[in-house]
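Heavy-atom basis, side chains included; hydrogens, waters and symmetry copies ignored.
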Amino acid sequence: MPEGYPRLASLMGTHPEMAAFRRFGSLNALNLLYLQAELIGLEDQLQKNAKIDAECGHFERSIYHRDWRTLSESVTRDDGDCTQWQTMLEARRKLTEYNQAIYLQQIITKLGPPSEQDFKSLKSWMNDPSMGNIYLLGPDSDVWENFDASELVCLKPNRTDSLVTRFLTNKLVTMFHRIIGHHFKKPDQLDIHRNTVYYSQAGVVRFSKLLGTVFASLLPIGSIVVLYYLNSMETRLALIGVFTAMFSLALGIFTNGRMVEIFSATAAYAPD
């Protein structure tokens with residue numbers, strides 16, 4: 001497969017978590033502003049036309065605001081003025097375009113950016129001559145040069161909300177491959193993805209959840225055992241505070257729970 005757009009499209013199609021594109025936030029907003037201004041102008045013109053027709057003294061034109069059929073058929077009558085209806089039709093087309101733009105922009109804003117690690121992997125793959133070797137010549141050649149979460153959208157962003165999952169994804173996977181993984185994971189043999197190794201994000205998330213589950217299971221047992229062998233009430237109270245803090249810290253690290261959920265879970269955990 002030739003280098004450039006075809007090879008880049010193949011990677012993004014196979015791995016949508018790397019399909020990062022410009023959001024064009026300012027340009028989309030500018031388009032909406034212009035459409036809005038055009039509609040305001042058409043709305044004002046429509047109101048003026050309606051007033052002129054209602055006050056002109058011509059019977060059919062004077063009932064345009066009361067009889068839709070007479071208004072819509074004004075384009076076929078020689079003695080009628082169809083300006084109001086033509087303005088309405090133009091406003092209808094522009095309103096459809098405006099509503100579609102608003103709706104599509106709302107969908108785009110809900111798309112998250114790629115994870116920073118996926119973006120780095122994409123950039124590295126593109127720049128490496130032994131991998132993608134993607135060098136575009138047009139004005140879009142620098143789209144993937146810098147990570148800008150406010151301007152990039154991803155078709156299927158990886159959700160690495162917890163700190164542990166993020167750490168495993170960004171740091172340990174690379175270390176694991178260098179030390180052990182390269183013995184088991186071999187580069188893709190396809191020409192379009194040559195010298196590229198893929199690790200499943202789902203596997204990293206499962207490992208992170210496993211660590212969190214083990215820690216959550218051992219912490220209450222450990223606190224009970226430690227407190228059982230202590231006679232000093234002051235020391236017990238101090239350790240209760242320590243274990244409670246450790247539990248809330250674990251919730252913050254291993255999960256993406258909201259603050260109120262962490263507070264509630266911590267209050268329920270506090271050792272007796």
How about Y103 and Q100: do any of their side-chain heavy atoms sit closer than 4.5 Å? no
Looking only at heavy atoms, which two atoms of F119 and L152 are closest? And how far apart? CE1-CD1, 3.6 Å
Kindly say whether L137 contributes a backbone atom to a donor-acceptor pair with the side chain of S141 at under 3.5 angstrom? no
Return the set of residues passing side-chain contact (heavy atoms from CB on, under 4.5 Å) with K94 (not counting sequence neighbours), or none when no residue passes. L35, E38, L39, L42, E97
Residues that E234 engages under side-chain contact (heavy atoms from CB on, under 4.5 Å), provided they are two or more places apart: S232
Can you list the residues that meet the side-chain contact (heavy atoms from CB on, under 4.5 Å) rule with S124, with sequence neighbours excluded? none
N99 CG to L95 CG distance, which is reported to the nearest 0.5 Å: 4.5 Å
Other residues, nucleotides and ligands only: do more than 12 of their heavy atoms fall within 6.0 Å of NZ on K123? yes
Got a donor-acceptor contact below 3.5 angstrom from the Y135 side chain to the N127 backbone? yes
With clusters defined by side-chain heavy atoms of hydrophobic residues (ILVMFWY) lying less than 4.5 Å apart, directly or transitively, does M12 cluster with W125? yes
Please enumerate all residues that pass side chain to side chain donor-acceptor pair (under 3.5 Å) together with D44, with sequence neighbours excluded. K48
On a heavy-atom basis, the closest approach of P157 and P113 is CB-O, 3.3 Å
So do L89 and R92 actually touch side chain to side chain, heavy atoms under 4.5 Å? yes
Side chain to side chain donor-acceptor pair (under 3.5 Å) against S150, all qualifying residues, sequence neighbours excluded: D148
So, taking the atom named CD1 in I134 and the one named CG in D128, what distance separates them when rounded to the nearest 0.5 Å? 11.0 Å
Working to the nearest 0.5 angstrom, can you tell me the gap between D53 CG and T83 OG1? 7.0 Å
Report the distance from atom OG of S74 to atom CZ of R69, rounding to the nearest 0.5 Å. 13.0 Å
Sorted by chain and residue number, the salt bridge (charged side-chain N to carboxylate O under 4.0 Å, His left out) partners of E151 (sequence neighbours excluded) come out as R22
State, to 0.1 Å, how close A20 and P114 come at their nearest heavy-atom pair, and which atoms those are. CB-CG, 3.8 Å
For the residue pair H15 and L122, establish whether any side-chain heavy-atom pair is separated by less than 4.5 Å. no
Can you tell me how far the CG atom of L136 sits from the CH2 atom of W144, to the nearest 0.5 Å? 6.0 Å
Please list, chain by chain and in numerical order, all residues satisfying side chain to side chain donor-acceptor pair (under 3.5 Å) with Y5, sequence neighbours excluded. D140
Look at the side-chain heavy atoms of Ile, Leu, Val, Met, Phe, Trp and Tyr, link any pair under 4.5 Å apart, and say whether L104 and L111 land in one connected group. no
For Y98, which residues count as a ring pair (Phe, Tyr, Trp, His ring centres under 6.0 Å) partner, sequence neighbours excluded? none
For the hydrophobic clusters of this structure (ILVMFWY residues joined by side-chain heavy atoms under 4.5 Å, transitively), does one cluster hold both W68 and L46? yes
What residues, two or more places apart in sequence or in another chain, satisfy side chain to side chain donor-acceptor pair (under 3.5 Å) together with Q45? N49
What residues, two or more places apart in sequence or in another chain, satisfy side-chain contact (heavy atoms from CB on, under 4.5 Å) together with I108? R23, Q105, V153
How many angstroms lie between CE in M18 and CG in L155, if you round to the nearest 0.5 Å? 13.0 Å
